[in-house]
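What follows is a single structure, written as structure tokens, with notes after it.
Letters A, B, ... mirror the listed sequences (proteins, then strands); counts begin at 1.
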Number of protein chains: 2
Amino acid sequence: MNEHLLKINSIIEQLDGDTLGALGAVSKIKTYKKGDFLLYQGEVCRYGFWIESGIARKFYLNENKELTTELLFENDLAVAFSSYVTQQPSQEFIQAVTDVRVSSIDNSSFQRIKGQFSALMELDLLMTEYYTMWLEKRLFDFHTLDASTRYSQLLRDQPNIIQQVPLTYIASYLGISLETLSRVRAKIKY
Amino acid sequence: MNEHLLKINSIIEQLDGDTLGALGAVSKIKTYKKGDFLLYQGEVCRYGFWIESGIARKFYLNENKELTTELLFENDLAVAFSSYVTQQPSQEFIQAVTDVRVSSIDNSSFQRIKGQFSALMELDLLMTEYYTMWLEKRLFDFHTLDASTRYSQLLRDQPNIIQQVPLTYIASYLGISLETLSRVRAKIKY
DNA sequence: TATGGCATTTGACTTAAGTCAAATAATCAG
DNA sequence: CTGATTATTTGACTTAAGTCAAATGCCATA
């Protein structure tokens with residue numbers, strides 16, 4: 001799965017000038033302040049947000065509770081996938097967790113140039129595959145690991161996340177209540 | 001999301017003779033008896049299985065319990081996605097729930113012809129997108145719906161599934177114990 | 001059509017995590 | 001610095017679903 005990232009990077013590095021030019025022409029740098037929304041629920045996700053710096057999160061509301069579906073860091077792509085693909089209203093919000101700088105890519109323009117530059121089609125596929133494998137793992141983890149193990153694993157894989165992201169978001173990302181997270185942390189802390 | 005299926009079908013219908021020929025050359029009809037395994041855990045998923053008839057399921061083992069990750073019917077594609085994409089050993093089994101007839105497509109050959117026929121690259125992307133949206137919905141449902149609601153929804157969306165698939169598989173597909181499913185059914189039954 | 005083997009249901013009890021409420025702790029503006 | 005606001009922890013109780021064990025139902029075949 002990590003090898004897949006290398007594949008993606010290698011494709012990106014090998015993009016020719018024309019393709020890069022076309023890509024540049026449909027992208028635009030934007031900045032958001034901490035707390036700002038890159039996308040609201042109900043809006044169509046018309047842009048893919050490539051994160052240049054900062055942290056963002058995707059979440060949705062369920063019974064007045066936020067559920068964070070993804071935490072996004074530098075060089076991650078933030079999109080409300082289903083909305084982006086179907087161009088139907090999004091269930092999800094995308095929000096800046098810190099100040100954020102993104103390169104935003106217009107979906108319809110990207111669709112167009114994908115037909116002209118086959119490397120982009122391949123890139124799109126590879127990135128979608130990566131997200132899909134990530135989703136499969138997330139689903140798997142929810143079924144096989146308890147709250148405490150999911151937290152330990154997050155700590156192991158992204159140890160710095162705790163300093164950068166408030167516990168409320170971590171808890172909702174792990175699919176547990178803030179109180180449960182607090183109790184889990186009390187036990188694990190060394 | 002259903003519109004996405006139409007898109008996929010329209011691409012399939014518009015495939016030219018050359019592409020279809022290439023596709024046919026890398027596919028092979030196979031049949032399996034009820035209970036047979038199309039793929040074992042630990043094996044690399046070298047084939048995509050397009051189901052011509054019958055029912056299959058994907059599942060993995062966790063603490064000696066089976067967890068069904070997907071139920072597959074006619075015109076579904078059965079693959080252990082992560083294994084198929086990375087060509088690493090699969091966590092999942094694929095098993096025939098009834099007698100099954102599949103058109104199996106060799107992964108490495110498909111990768112090759114994908115580079116030659118761009119419609120196939122696009123088709124691959126569209127089908128991956130469809131699976132990804134399905135996964136997102138599944139994850140969403142697990143977080144937002146209780147056992148009983150998930151069952152009712154399955155009943156609503158695929159009412160005939162109950163006659164065709166043993167309750168053990170349904171339960172594990174819904175991520176609940178067989179006993180809980182039985183209790184849920186006792187209440188809902190009209 | 002009797003019987004052994006699955007499939008399904010029912011019962012009694014356990015458990016992980018949630019909820020609600022209150023207490024601390026940390027942070028930040030003035 | 002200081003109070004106010006927000007973040008985090010702790011406590012007491014509830015709940016959805018799991019577990020283990022036993023009972024019942026449903027066949028397929030010999």
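Ion pairing of K33(A) with D99(A) is present here, as a side-chain N (NZ or NE/NH1/NH2) and a carboxylate O approach within less than 4.0 Å. By the 4.0 Å N-to-carboxylate-O rule, K58(A) lies close enough to E70(A) to be salt-bridged with it.
Separating the CG atom of L145(B) from the P atom of dA16(D) is a distance of 15 Å, rounded to the nearest angstrom. For H143(B) and dA16(D), the NE2 to C1' distance is 16 Å, given to the nearest whole Å. As a whole-Å value, the separation of Q163(A) CD from dT8(D) P is 12 Å. Residue R185(A) contributes atom CZ, which lies 14 Å from atom P of dA7(D) at whole-angstrom precision. Separating the CZ atom of F142(A) from the P atom of dA17(C) is a distance of 11 Å, rounded to the nearest angstrom. Rounded to whole Å, the distance from CD on E63(A) to P on dA16(D) is 12 Å. Per the geometry, CG belonging to L181(B) stands 12 Å off P belonging to dT10(C), to the nearest Å. As rounded to whole Å, 9 Å separates atom P of dT8(C) from atom CD1 of I170(B).
When ring centroids are compared, F81(A) and Y131(A) come within the 6.0 Å threshold.
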task: Go through Y47(B) and K28(B) one step at a time and tell me if the side-chain contact (heavy atoms from CB on, under 4.5 Å) criterion holds.
output: CA-CA 10 Å; Y47(B) 302 96; K28(B) 200 161 93 187; over 6 Å; no

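One finds no side-chain N or O of S177(A) lying less than 4.0 angstrom from the OP1 or OP2 phosphate oxygen of dA17(C). In terms of phosphate contacts, S182(A) brings no side-chain nitrogen or oxygen within less than 4.0 Å of OP1 or OP2 of dT8(D).
Among the nucleotides dA17(D), dA16(C), dT8(D), the one closest to the side chain of D146(A) is dA16(C). Checking dT9(C), dT10(C), dA16(D) against the side-chain heavy atoms of A186(B) singles out dT10(C) as nearest. The side chain of L178(B) lies closest to dT8(C), out of dA17(D), dT8(C), dT8(D). For L167(B), the listed nucleotide lying nearest its side chain is dT8(C); candidates were dT8(C), dG18(C), dT9(D). With distances taken from any side-chain atom of I176(A) to the nucleotides dA16(C), dT9(D), dG18(C), the minimum falls on dG18(C).
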Counting primed atoms, P, OP1 and OP2 as sugar-phosphate and everything else as base, the B/S/- map of nucleotides 20-30 of chain D against protein heavy atoms under 4.0 Å is B----------

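With S82(B) as reference, E136(A) is the one residue of K137(A), H4(A), E136(A) to meet the side chain to side chain donor-acceptor pair (under 3.5 Å) rule.
For S90(B), the side chain to side chain contact (heavy atoms under 4.5 Å, CB included) criterion is met by L39(B), A80(B), S83(B), E92(B), not counting sequence neighbours.
A donor-acceptor pair shorter than 3.5 Å cannot be found between the side chains of N9(B) and E13(B).
Between S27(B) and I105(B) the shortest heavy-atom distance is OG-CG1, 3.6 Å.
No side-chain heavy atom of R57(B) sits under 4.5 Å from any side-chain heavy atom of V165(B). M133(B) places a side-chain heavy atom less than 4.5 Å from the side chain of T86(A).
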Can you give me the N/O atom pairs linking the protein to nucleotides 23-30 of chain C at distances under 3.5 Å, or say none if there are none?
none

